[in-house]
Amino acid sequence: MNDGVVLIPTYNERENAELIIRKVFSLPQLIDVLIIDDGSPDGTAEVVRRLMPEFPGRLFLEERRGKLGLGTAYIHGFRWALARGYQYVFEMDADFSHNPDDLIRLYDACAHQGYDLAIGSRYIQGVNVVNWPMDRVLMSWFASAYVRLVTGMPIMDATAGFKCYSARVLRTIPLDRIHFVGYAFQIEMKWLAYKYGFRIQEVPIIFTDRTRGTSKMTKGIFKEALLGVVQMKVESWFRRFAPAPAEPAPDSATLVPAPATSAPETR
């Protein structure tokens with residue numbers, strides 16, 4: 001078994017499923033793939049099942065009944081990956097808005113540079129977004145600025161969904177206490193990693209809007225993110241976070257400072 005697995009939630013991604021799977025398996029870094037399909041009526045799961053004999057022991061499929069939300073799909077995948085001993089767990093969209101080639105750079109940040117969470121960041125070096133309308137770019141950029149303002153968390157791309165976690169991050173964060181399912185889920189996971197004192201690096205990427213299929217973004221998801229940030233901040237006043245075990249810091253790269261606290265988490 002390889003030490004990394006990329007989690008790809010799908011809902012009606014038949015047009016992209018085979019392409020993204022083959023692209024990941026073409027990379028020089030060996031990374032397994034878990035597709036988490038929420039009962040796609042377009043037959044996405046059937047595409048994956050057809051490919052599984054071609055990639056035995058590397059391509060996996062978890063099928064869920066109904067569209068249960070991005071956050072619950074990833075939590076399902078986190079638990080699946082931890083149960084199988086993976087050391088590095090990636091999040092990536094199926095629609096090629098995240099370039100699979102960048103998986104290698106995220107892996108390197110965690111596996112070789114010693115970071116606990118690597119974020120594929122659209123905003124760490126200017127604004128690197130292709131094919132988005134200006135209102136969408138502004139909404140995304142200001143959402144991250146809003147998160148920094150409310151939480152004090154120094155992450156430039158707080159809503160990013162392209163990430164690599166070391167297994168110890170996912171073992172530390174209480175996954176059964178995650179509140180949110182949409183973009184707020186992405187913010188909440190970063191917030192908890194930050195509060196637990198894990199080392200975080202933002203890796204610059206170029207984000208390209210999908211050319212196949214339909215976006216899953218809705219106003220409700222965006223509203224959840226805006227309100228959820230305040231909720232997370234307020235709840236943090238009544239929780240304590242045990243810091244991650246200390247390790248030598250990498251010599252270079254962007255380090256997000258950890259909050260100073262030593263008391264165990266209260267539940």
- Task: Any chance you could lay out the side chain to side chain contact (heavy atoms under 4.5 Å, CB included) test for Val230 and Tyr146, step after step, and finish with the verdict?
- Result: CA-CA 10 Å; Val230 176; Tyr146 169 77; 3.3 Å; yes
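- Panel note: side chain Asp93, backbone Asp95; no donor-acceptor pair is recorded below 3.5 Å.
- Aromatic ring pairs are classed by plane angle as parallel below 30°, tilted from 30° to 60° and perpendicular above 60°; the pair His112 and Tyr107 is perpendicular.
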- Run the numbers on Val229 and Thr151 for side chain to side chain contact (heavy atoms under 4.5 Å, CB included), then give the verdict. CA-CA 7 Å; Val229 170; Thr151 67; 3.8 Å; yes
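- Between atom CD1 of residue Ile20 and atom CD of residue Glu13 there is a gap of 9.5 Å, rounded to the nearest 0.5 Å.
- Ile8 and Leu68 fall into different hydrophobic clusters, where Ile, Leu, Val, Met, Phe, Trp and Tyr residues are linked whenever their side-chain heavy atoms come under 4.5 Å apart, directly or through other members.
- Side-chain contact between Asp102 and Val203: absent, with no pair of heavy atoms (C-beta onward) separated by less than 4.5 Å.
- In this structure, the separation between CG on Asp108 and CD on Gln113 is 5.0 Å, given to the nearest 0.5 Å.
- Side-chain contact between Arg22 and Phe55 is present, with at least one heavy-atom pair separated by less than 4.5 Å.
- Residue Tyr194 comes nearest to Gly152 through the heavy atom pair OH-O, 3.9 Å, listed as atom of the first residue, atom of the second, then distance.
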- Message: Assess the residue pair Gln186 and Leu70 against the criterion (side chain to side chain contact (heavy atoms under 4.5 Å, CB included)); give the C-alpha distance rounded to whole Å, side-chain angles, the decisive distance to 0.1 Å, and a yes or no.
- Response: CA-CA 9 Å; Gln186 302 292 11; Leu70 181 72; 3.8 Å; yes
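- Of all heavy-atom pairs spanning Tyr88 and Ser166, the tightest one is CD2-CA, 4.2 Å.
- Residues Tyr86 and Asp32 have side chains that bring a donor and an acceptor to within less than 3.5 angstrom of each other.
- By the 4.5 Å heavy-atom criterion applied to side chains, Ile155 and Val147 are not counted as neighbours.
- By the 4.5 Å heavy-atom criterion applied to side chains, Ser121 and Gln201 are not counted as neighbours.
- A donor-acceptor pair shorter than 3.5 Å cannot be found between the side chains of Asn131 and Thr208.
- Side-chain contact, Ser144 with Arg122: no donor N or O sits under 3.5 Å from an acceptor N or O.
- Using a 4.5 Å cut-off on side-chain heavy atoms (C-beta onward), Val129 and Tyr123 make contact.
- Across every non-hydrogen atom of Met52 and Leu59, the tightest pair is CE-O, 3.6 Å.
- A donor-acceptor contact shorter than 3.5 Å is absent between the side chain of Asp116 and the backbone of Phe198.
- In this structure, Val6 is not a member of the same hydrophobic cluster as Leu30, with clusters built from ILVMFWY side-chain heavy atoms closer than 4.5 Å.
- Other residues sharing the hydrophobic cluster of Val130, ordered by chain and number and joined by side-chain separations under 4.5 Å: Ile206.
- The closest donor-acceptor contact from the side chain of Lys190 to the backbone of Ala160 lies under 3.5 Å.
- Not less than 6.0 angstrom separates the ring centroid of Phe162 from the ring centroid of Phe207.
- Electrostatic pairing of Glu235 and Arg239 does not count as a salt bridge here, judged by no charged N lying under 4.0 Å from a carboxylate O.
- Note that CG of Leu192 and CD1 of Ile187 are 12.0 Å apart. Values are rounded to the nearest 0.5 Å.
- Residues Leu149 and Val234 fall into different hydrophobic clusters, defined by Ile, Leu, Val, Met, Phe, Trp and Tyr side chains chained together at heavy-atom separations under 4.5 Å.
- Here Met232 contributes atom CE and His179 contributes atom NE2; the two are 9.0 Å apart, rounded to the nearest 0.5 Å.
- Between His98 and Glu91, every side-chain heavy-atom pair lies at or beyond the 4.5 Å cut-off.
- Counting only heavy atoms from C-beta outward, the side chains of Leu103 and Gln29 never approach each other to under 4.5 Å.
- The hydrophobic cluster containing Phe96 also contains Val33, counting ILVMFWY residues as joined when their side-chain heavy atoms lie under 4.5 angstrom apart, directly or transitively.
- Looking only at distances, no side-chain donor or acceptor of Ser140 sits under 3.5 Å from a matching main-chain atom of Val137.
- Of the options Asp38, Asn16, Asp37, Leu61, a side-chain contact (heavy atoms from CB on, under 4.5 Å) to Thr44 is made by Asp37 and by none of the others.
- Rounded to the nearest 0.5 Å, atoms NZ (Lys23) and CG (Leu19) are 11.0 Å apart.
- Remark: of the listed residues Glu62, Glu63, Glu54, Glu63 is the sole one forming a salt bridge (Lys or Arg N to Asp or Glu O under 4.0 Å) with Arg49.
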- Query: Is there a side chain to side chain contact (heavy atoms under 4.5 Å, CB included) between Glu18 and Ile21 once you walk through the steps?
  - Reply: CA-CA 5 Å; Glu18 180 169 357; Ile21 289 167; 5.8 Å; no
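- In this structure, Val89 and Ala81 approach most closely via the heavy-atom pair CG2-CB, 3.8 Å.
- The only option from Tyr74, Phe90, Tyr196, Phe78 that meets the ring-ring contact (aromatic ring centres under 6.0 Å, His included) definition with Tyr165 turns out to be Phe78.
- Summarising the geometry of Val48 relative to Phe60, their closest heavy-atom pair is CG1-O, 4.4 Å, with the distance given to 0.1 Å.
- Between Thr159 atom OG1 and Ile119 atom CD1 the span is 10.5 Å, to the nearest 0.5 Å.
- At least one side-chain heavy atom of Met156 sits less than 4.5 Å from a side-chain heavy atom of Arg148.
- Looking at Arg79, its side chain never comes within 3.5 Å of a backbone N or O of Ile75 through a donor-acceptor pair.
- The two residues Ala193 and Val169 have their closest heavy-atom pair at CB-CG1, 4.3 Å.
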